[in-house]
Amino acid sequence: MVLNSPRGTADLYGKELTYRNFILEKSKKLFNRFCYDPIVTPAFEHTEVFSRSIGQATDIVQKEMYTFYDKKQRSLTLRPEGTAGVVRAVVENKLYAQNLPIKLFYAGNMFRYERPQKGRMREFFQLGAEAIGSANPLMDAEMIWLISDLFSSLGFKDLVLLINSMGCTLCRKSYTQKFQEFLHHHQEKLCPECRHRLDTNPLRVFDCKRQSCRHAIEDSPKISQHLCSSCRDHFEKVRRYIKILGINCQIDHSLVRGFDYYSRTVFEVVSTALDSAQNALGGGGRYDDLVKQFGGPDLPAIGFAIGLDRTSLLMQQLGIKPSASRELKSLYLISMDQQYSEYLLELLQFFRKECICDTNFNIKNISKELKWAQKHHYDFVAIIGEEEFKNCRVSIKDMQKFKQHAFDWKNEKDTILALLRGN
RNA sequence: GUGAGAAUAGCUCAGCUGGUAGAGCACAGGAUUGUGGUUCCUGGGGCCGCGGGUUCGAAUCCCGUUUCUCACCCCA
């Protein structure tokens with residue numbers, strides 16, 4: 001039976017997993033410093049959790065969800081994104097009944113039924129943060145600060161941060177009308193798809209990559225110039241705050257994100273270097289109406305998510321190495337004969353309390369073993385051969401210094417420890 | 001969902017207009033019976049993605065299928 005993993009999924013191991021764990025560990029430390037608590041929510045939810053929050057008209061809900069019925073005929077859906085589930089959990093567990101805002105972070109697998117390509121899988125991994133219960137523009141600034149710090153702590157230097165405001169329900173509505181009118185006047189310049197969008201979801205015309213459409217909307221009214229006074233004030237403050245934080249960003253009037261629940265501040269981190277059409281590494285925004293929609297109190301909120309797959313891909317492409325913070329020394333224990341196994345076990349137990357340690361489970365000649373140990377950058381090699389076994393000794397070789405010394409196993413444990421600790 | 005290309009050893013790939021399946025790296029053994037980046041010798045490994053067709057004969061040509069890649073779409 002020959003089976004491969006389903007389309008758009010992948011097994012993760014080795015180098016790839018090293019990168020992902022590095023990203024996860026770095027971000028956990030960062031979230032901790034910013035006082036965000038971890039949350040784990042289910043990988044699947046009732047279908048309405050997503051269909052109602054993300055928006056019926058969006059592509060994700062229309063054709064990209066893994067929806068299935070369980071044995072009791074409940075319609076369930078594998079999560080296509082993280083925010084909806086977290087908001088549902090916050091409402092269900094009444095987590096808002098505490099000092100607000102509540103600040104959470106998560107990491108997990110997400111699922112979208114799409115045509116796979118580089119940086120876009122059907123099962124993919126995101127990590128993200130949500131802050132629920134504050135409308136303060138400082139909150140927006142903190143989110144942008146987080147996402148920007150996250151990437152710089154991973155070693156990225158030249159990423160572009162795009163920012164825009166989509167306004168609140170009120171000003172977006174009046175703006176959308178103006179924009180729609182504008183589009184009607186320039187209908188003939190738009191591609192067929194955009195002509196269709198014009199009626200269903202006019203803001204999505206901004207996402208069109210066709211030169212002709214981009215050109216057509218060049219002189220269109222910009223949303224950031226049609227905000228109501230309170231949204232304009234909010235957006236100005238956000239921009240001032242992130243400037244104070246020393247974070248570079250570009251205002252992108254055409255940045256309109258794909259979920260219906262976004263309002264006011266939206267932002268995205270893109271790479272011009274990522275060798276792929278999928279160049280958005282992360283993004284997020286405010287969703288001031290979503291908690292209420294889920295039956296909770298009227299709480300403003302903001303969040304973001306980053307794609308682990310793409311981030312890892314770009315790190316590898318740019319040659320950014322996960323900085324190996326290996327505090328412990330490593331030792332390779334070589335036994336020359338199976339007969340020494342009991343002695344070896346005793347030593348292995350001792351070494352593993354002190355350092356990273358492996359042993360040769362299959363007996364080979366010592367030359368090969370040393371070559372292997374060197375190639376794998378072991379700091380030390382310990383050898384049990386006939387001499388050592390008979391006299392209850394162990395030879396320890398410092399691989400960098402090319403120095404070797406035989407220790408008395410019974411009486412020189414402290415000396416061995418001192419050597420391993422580099423004293 | 002639309003369009004294009006690809007699939008051969010663990011990895012990277014060669015294999016011409018059909019005629020016995022190849023290299024480098026990796027792995028294993030040896031030169032060197034207990035000592036380090038080199039070198040040399042030897043070896044194991046393959047339903048040539050899967051299924052069908054054409055043919056005396058298919059890795060090679062044709063069709064289908066699956067997966068991957070790229071672009072569109074969309075998004076992280």
Side-chain angles (χ1 to χ4, degrees), chain A residues 1-10 13-15 23 54 57-65 79-83 107-128 147 191-194 196-197 201 204 207-210 255-259 267-271 274-284 303-314 332 334-337 362-378 380-389 395-404 406:
Chain A
M1 184 170 64
V2 181
L3 287 178
N4 44 12
S5 80
R7 186 167 163 81
T9 67
Y13 54 88
K15 189 180 166 194
I23 298 167
I54 296 169
T58 60
D59 273 24
I60 290 181
V61 171
Q62 295 255 305
K63 51 190 189 193
E64 294 177 3
M65 294 208 302
R79 58 182 172 194
E81 59 102 30
T83 301
N109 47 356
M110 310 289 160
F111 307 86
R112 288 181 206 169
Y113 191 90
E114 294 182 280
R115 190 84 159 248
Q117 65 187 72
K118 190 170 217 151
R120 190 175 75 183
M121 301 289 279
R122 287 184 171 179
E123 183 194 31
F124 58 102
F125 293 78
Q126 285 189 338
L127 64 87
I147 196 170
C191 67
E193 281 174 70
C194 283
H196 179 69
R197 287 178 178 136
N201 203 347
R204 301 233 59 80
D207 277 342
C208 193
K209 280 177 192 160
R210 285 171 209 272
L255 178 64
V256 283
R257 296 181 47 78
F259 306 148
F267 51 95
E268 205 167 279
V269 173
V270 299
S271 158
L274 191 54
D275 205 7
S276 150
Q278 315 303 327
N279 66 348
L281 289 176
F304 75 84
I306 76 160
L308 280 183
D309 314 65
R310 288 178 191 178
T311 304
S312 154
L313 208 62
L314 185 59
Y332 189 57
I334 303 171
S335 164
M336 306 294 295
D337 196 304
N362 300 318
I363 308 295
K364 293 174 225 164
N365 80 48
I366 190 158
S367 174
K368 301 269 176 191
E369 298 291 7
L370 276 169
K371 272 183 195 168
W372 189 87
Q374 182 177 41
K375 196 171 162 186
H376 290 81
H377 309 295
Y378 276 90
F380 298 97
V381 157
I383 301 162
I384 312 170
E386 199 180 347
E387 287 296 310
E388 288 87 352
F389 180 70
S395 296
I396 298 179
K397 179 189 275 284
D398 184 318
M399 294 298 278
Q400 253 99 61
K401 294 178 186 162
F402 274 74
K403 272 187 188 165
Q404 182 172 334

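The sequence lines fix the lettering, A, B, ..., with proteins before strands; numbering per chain opens at 1. Everything numeric here is computed off the predicted structure, so don't read it as measured data.
Across all strands shown, A28(B) forms a Watson-Crick or G-U wobble pair with U42(B), both key distances being under 3.5 Å. Taking a pair to require two hydrogen-bonding distances under 3.5 Å in either a Watson-Crick or a G-U wobble arrangement, U17(B) remains unpaired. Pair assignment for A4(B): U69(B), on the basis of Watson-Crick or G-U wobble contacts that are both within less than 3.5 Å. In this entry G64(B) has C50(B) as its Watson-Crick or G-U wobble partner, both defining distances falling under 3.5 Å.
Counting any heavy atom pair closer than 4.0 Å across all strands shown, Leu370(A) reaches a base atom. Phe125(A) comes within 4.0 angstrom of nothing in the nucleic acid, heavy atoms only. Using a 4.0 Å heavy-atom cutoff across all strands shown, Gly14(A) reaches no nucleic acid atom at all.
Put simply, the side chain of Arg79(A) reaches to within 4.5 Å of the side chain of Asn109(A), judged on heavy atoms. Side chains of Phe125(A) and Asp309(A) form a contact here, defined as non-hydrogen atoms less than 4.5 Å apart. With a 4.5 Å cut-off on side-chain heavy atoms, Leu370(A) and Met399(A) count as touching.
Remark: the separation of the C1' atoms in A23(B) and C75(B) is 42 Å, to the nearest Å. G22(B) and C16(B): their C1' atoms are spaced 15 Å apart (whole Å). With both ends at atom C1', the span from G53(B) to U60(B) equals 15 Å, rounded to whole Å. A gap of 9 Å separates the P atoms of U8(B) and C13(B), to the nearest Å. Spacing of P atoms, C62(B) relative to A71(B), comes out at 26 Å, to the nearest Å. One P atom belongs to G46(B), the other to C11(B), and the distance between them is 13 Å to the nearest Å. U66(B) and G24(B) have their P atoms separated by 38 Å, with the value rounded to a whole Å.
Taking side-chain N and O atoms only, Arg7(A) has a distance below 4.0 Å to OP1 or OP2 of C68(B). Within the 4.0 Å cut-off from OP1 or OP2 of U2(B), not a single side-chain nitrogen or oxygen of Lys63(A) is found. At G37(B), one or more side-chain N or O atoms of Lys371(A) fall inside 4.0 Å of OP1 or OP2 (strictly under the cut-off). Applying the 4.0 Å criterion to OP1 and OP2 of A76(B), one finds that Arg257(A) has a side-chain N or O inside that range. OP1 or OP2 of G30(B) has at least one side-chain nitrogen or oxygen of Asn365(A) nearer than 4.0 Å.
Whole-Å rounding puts the Arg115(A) CZ to A4(B) C1' distance at 10 Å. Distance Lys364(A) NZ to U33(B) P: 17 Å, rounded to the nearest Å. For Tyr378(A) and G36(B), the OH to P distance is 19 Å, given to the nearest whole Å. Atoms CG (Leu281(A)) and C1' (C75(B)) sit 12 Å apart, rounded to a whole Å. In this structure, CD of Glu388(A) is placed 11 Å from C1' of U35(B), rounded to the nearest angstrom. One interatomic measurement links the two molecules: CD of Gln117(A) to P of U2(B), which rounds to 15 Å at whole-angstrom precision. In this entry the distance linking CD of Gln404(A) with C1' of G36(B) reads 11 Å, nearest Å. The distance between atom CG of Leu308(A) and atom P of A76(B), rounded to the nearest whole Å, is 14 Å.
When each of Gly283(A) and Tyr113(A) is assigned the nucleotide of RNA chain B bearing its nearest heavy atom, the one mapping closer to the 5' terminus is Tyr113(A).
Nearest nucleotide to the Phe259(A) side chain, out of G34(B), C70(B), C75(B): C75(B). For Pro116(A), whose side chain is taken as the heavy atoms from C-beta onward, the closest listed nucleotide among C70(B), U35(B), C68(B) is C68(B).
Here the closest heavy-atom approach between residue Gly307(A) and residue Thr311(A) is recorded as O-OG1, 2.6 Å.
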Next on the checklist: Show, in sequence, the C-alpha distance, side-chain angles and deciding distance for Ser395(A) and Glu388(A), and conclude whether the side chain to side chain donor-acceptor pair (under 3.5 Å) test is met.
Outcome noted: CA-CA 7 Å; Ser395(A) 296; Glu388(A) 288 87 352; 2.6 Å; yes
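Counting atom types as modelled, Arg120(A) pairs no side-chain N or O with a base atom of C70(B) as donor and acceptor under 3.5 Å.
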